[in-house]
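Fair warning: this is a prediction, and the values are worked out from it, not measured in the lab. Heavy atoms only: backbone and side chains are in, while hydrogens, waters and symmetry mates are out.
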Amino acid sequence: MGVVGIVLLVVFIIVCALLVLLVSIQDDGENGMGGLLGGRGSAAFGSHSASVLTKTTCVLTVLFFVLAFGLALVNKKPKVDSSITSSIEAETAEDAEAVTSDAAGNWWASTEDAE
């Protein structure tokens with residue numbers, strides 16, 4: 001993961017934390033964690049605070065999905081052509097077979113050549 005991936009991941013974590021906190025302070029009627037801000041949770045931001053909280057939640061939700069999609073694209077592994085993979089595997093198998101036959105089957109040939 002490069003620098004872009006790390007930056008996206010840090011921003012993604014910050015957006016996730018803000019989204020969780022924002023959703024948890026919203027007032028869902030009479031009860032909820034919104035009462036922690038002094039009675040009505042929306043009164044701290046004025047009369048239009050419900051729309052501010054709703055708009056902020058929507059923006060953070062869109063950012064969450066965009067960043068998740070961006071992280072998926074950045075961390076995607078490149079697709080390898082199957083013909084290239086099969087030819088590499090065939091060459092590797094041939095090399096391994098040659099090494100095995102030389103090492104196991106012709107052990108006496110190397111000592112005769114050395115003398």
Side-chain angles (χ1 to χ4, degrees):
M1 182 173 3
V3 174
V4 174
I6 293 172
V7 169
L8 282 176
L9 185 61
V10 169
V11 173
F12 182 72
I13 291 171
I14 292 170
V15 167
C16 288
L18 289 175
L19 189 59
V20 167
L21 291 174
L22 190 63
V23 168
S24 66
I25 65 167
Q26 287 184 2
D27 193 14
D28 61 342
E30 295 298 321
N31 53 5
M33 289 184 68
L36 293 175
L37 297 176
R40 299 292 295 175
S42 59
F45 298 108
S47 63
H48 300 288
S49 64
S51 63
V52 170
L53 289 175
T54 305
K55 288 178 183 178
T56 308
T57 304
C58 289
V59 168
L60 286 176
T61 304
V62 169
L63 276 173
F64 173 81
F65 283 109
V66 168
L67 289 170
F69 187 68
L71 279 170
L73 288 177
V74 167
N75 292 325
K76 182 178 74 169
K77 296 190 186 218
K79 184 178 178 183
V80 178
D81 190 17
S82 61
S83 62
I84 294 173
T85 306
S86 62
S87 65
I88 290 173
E89 289 174 355
E91 289 176 8
T92 306
E94 290 173 3
D95 291 341
E97 184 178 311
V99 168
T100 305
S101 65
D102 287 344
N106 298 330
W107 58 271
W108 63 87
S110 63
T111 57
E112 291 175 3
D113 292 339
E115 294 175 0

Asks: Could you state whether Val74 and Ile14 fall into the same hydrophobic cluster, counting links through intermediate Ile, Leu, Val, Met, Phe, Trp or Tyr residues with side-chain heavy atoms under 4.5 angstrom apart?
Replies: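 The answer is yes; both residues are in one hydrophobic cluster.
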Asks: Is it the case that one hydrophobic cluster holds both Val66 and Phe12, taking links as side-chain heavy atoms less than 4.5 Å apart, direct or via other members?
Replies: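 No: no chain of side-chain contacts under 4.5 Å links Val66 to Phe12.
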Asks: Are Leu73 and Leu8 connected, step by step, through hydrophobic side chains (Ile, Leu, Val, Met, Phe, Trp, Tyr) whose heavy atoms are closer than 4.5 Å?
Replies: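 Looking at the clustering, Leu8 is in a separate group from Leu73.
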Asks: In this structure, would Val4 and Val10 fall into the same cluster of hydrophobic residues linked by side-chain contacts under 4.5 Å?
Replies: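 Yes; Val10 is reachable from Val4 via cluster members.
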Asks: Which residues satisfy the side-chain contact (heavy atoms from CB on, under 4.5 Å) test with Thr61, sequence neighbours excluded?
Replies: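 Once residues adjacent in sequence are excluded, the partners of Thr61 under the side-chain contact (heavy atoms from CB on, under 4.5 Å) criterion are Leu19, Thr57, Phe65.
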Asks: List, by chain and then residue number, the residues other than Leu21 in its hydrophobic cluster (Ile/Leu/Val/Met/Phe/Trp/Tyr, side-chain heavy atoms under 4.5 Å); write none if there are no others.
Replies: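 None; Leu21 is a cluster of one.
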Asks: Going only through I, L, V, M, F, W and Y residues with side-chain contacts under 4.5 Å, is there a path from Leu53 to Val62?
Replies: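 Shared cluster, no.
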Asks: Going by side-chain contact (heavy atoms from CB on, under 4.5 Å), name the residues that satisfy it together with Ile13, two or more places apart in sequence or in a different chain.
Replies: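 Ile13: side-chain contact (heavy atoms from CB on, under 4.5 Å) contacts with Leu9.
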Asks: Just jot down the side-chain contact (heavy atoms from CB on, under 4.5 Å) partners of Leu63, sequence neighbours excluded, or say none.
Replies: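 side-chain contact (heavy atoms from CB on, under 4.5 Å) list for Leu63, sorted by chain: Val15, Val59, Leu60.
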